[in-house]
Amino acid sequence: MTRYIFITGGVVSSLGKGLTSAALGALLQARGYGVRLRKLDPYLNVDPGTLSPFEHGEVFVTDDGAETDLDIGHYERFTGVAASALDSTSSGRIYQSVLEKERQGEYLGDTIQVIPHVTDEIKRFISQEFENTDFMLCELGGTVGDIEGLPFFEAIRQFAQDKGTNNCVFIHVTLIPYLDVCNEIKTKPTQHSVKELRSIGISPDILVCRSNLPIPDKERNKIALFCNVKQNAVISSPDLKSIYEAPTLYHEQGLDLAVLNAFGLENVPEANLKKWYEVKNRIANPEGKVRVAIVGKYTGLDDAYKSISEALTHGGIANHVEVETKWIQAEVFEEEDPAPYLTGCHAILIPGGFGKRGSEGKIKAAGFARRNRIPYFGICLGMQMAVIELVRDVLGIDSAGSEEFSLEGIENSVEELTPVIFYLKKWIQNGEKVTRTSNDEMGATMRLGAYPAMLTEGSLVAEIYGSNEISERHRHRYEVDIKYKDRLEKEGVVFSGLSPDGNLPEIMEIKNHPWFVGVQFHPELKSQPFSPHPLFAGFIEAAIKRSRLV
Ligand code: GLN
């Protein structure tokens, strides 16, 4: 039997509901339970694929090709359970399927309403079952009181009635602000938020209270009294140095036990948190430090490259070092020499990205890494930029570029450009042919999700992976043109990973370079603290070697 845990938020957004959900999932797993995590987002976009990373953070991609919220990435990193398209939805998607059903005549005779049609659709989403799921954790995006969120709150209220309130537990994550002027922490916003939740028929069982500092017992007891929850059900969630401290911190305060008790479960298995304490200790006691430059576009918002920064941390865990990241706006290099920015860094990473802005700067950074023998990791767009740099500099084709940029019509016209990176119109997915045209819609028209690649025996990446066949997640429209393979290989480049039909370059590396790897996919999406992605572990290892040289 599956039990359900709903995680809602109050007072303000960005309190880390996703992390709380992920950490709780990990704690329940540590007691031997099977968990699954789901996210319900109130916005009207059908998926976050078209949302700006500046505003909404990165788009996380699942194996089955769903473009999801970055919280899904936290769920996977903390629990190791691979998410699927069934684990993330939005108001847009819910309404889309209600309207499709309406057009197909499924509700003939009915007036379509939020209650029951939209709420039924939400309940149907929540109750899609998976094997080995003792606990289904469902996080509601947004904050209680948001207009868009109301159908979701109503749906989970009904859901608890349908399933029996013993089978559903509600966790509310709120803010406890500290006021400097009176040197006090304030519980009133939390009281109001709980009142708001109650007014729509949901009484929280557990409160997770975010604050800068730990909340003293006196205030915890006050919150319990005023918000009608048990004293041990008020969990203090202070700011942490590392997100990976969250599970042990919550456990020490009894979050997992409080949740299990709220279900009426008393004699529960002990939690084995050995691996979480180990990760926490490794992060707290590094044996060294390396500095990695990340040359990208969305460097103003931490969340825009969430999985990249987490995967770098994992690479550090694997090598017992702290990874310091230096974020650099690629555009800077269009005007300025990269040397003063990059010389002090032990490795350079160019992450995925879209659009022309900053691309010439990225090409310069890739060239700088190549010539100065600095470890380089190009991810998706980062691989494409490295290939353009090589074709221009090594093959002498100055007009080499990407169709992505000429299509934007900013600088080069198609006639002037030599498209080394081209718009892919036909490819094979799971044995089936996929086709598209340049005029297709923008939403979900990319090569998305897991694809296999075959690795060249004896190459650096084959050694790193310890295998000749891999599967990695993709999210892009453009590809490196295979026709440059032979010419570049004569110059010391190795196309060491190809699609199974041999048509699409998936990985390139440079032979006589300490570590220069470009990948067309997103390895960061599969990295976890307990199993750091081998490419990130290898990249950080190369950065350590470099740090000993300079
Ligand atoms: N913009 C490039 C493409 O669509 C790269 C995408 C990415 O880096 N994820 O192919």
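Indexing begins at 1, ligand by ligand and atom by atom, following the structure's order.
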- Query: So, E506 versus Y451: side-chain donor-acceptor pair below 3.5 Å or not?
  - Reply: no

- Query: For ligand 1, is Q384 a contact, meaning one of its heavy atoms is under 4.0 Å away?
  - Reply: yes

- Is there a nitrogen or oxygen of L381 sitting under 3.5 Å from a nitrogen or oxygen of ligand 1? yes

- Message: Give me the residue, atom name and distance of the protein heavy atom closest to atom 1 (N) of ligand 1.
- Response: E404 OE1, 2.7 Å

- Message: I want to know whether F536 and H314 have ring centres closer than 6.0 Å.
- Response: no

- Message: With a 6.0 Å cut-off (strictly less than), is the heavy-atom count around CD of E335, excluding the residue itself, greater than 12?
- Response: no

- Message: Can you tell me which portion of M446 lies within the under-4.0 Å heavy-atom range of ligand 1? Options are side chain, backbone, both, or neither.
- Response: neither

- Task: Provide, to 0.1 Å, the distance between atom 10 (O) of ligand 1 and the closest protein heavy atom, together with that atom's residue and name.
- Result: Y478 N, 2.8 Å

- Message: Closer than 4.0 angstrom, basic N to acidic O: yes or no for E58 and K306?
- Response: no

- When you check the side-chain N and O atoms of S496 and T456, is any donor under 3.5 Å from an acceptor? no

- Query: What do you reckon, are the aromatic ring centroids of F539 and H346 less than 6.0 Å apart?
  - Reply: no

- Please say whether the positively charged group of K364, taken as NZ for Lys or CZ for Arg, lies over the ring of F333, i.e. under 6.0 angstrom from the six-membered ring centre and within 45 degrees of the axis. no

- Numbered in order shown, the ligand 1 atoms found under 4.0 Å of a heavy atom of H522 are 9 (N)

- For atom 5 (C) of ligand 1, the protein heavy atom that lies nearest, with its residue and separation: G353 O, 3.3 Å

- Note on the structure: of all protein heavy atoms, closest to atom 7 (C) of ligand 1 is C380 SG, 2.9 Å

- Message: As a check for students: among R477, H476, R475, identify the option with a heavy atom nearest to atom 9 (N) of ligand 1.
- Response: R475

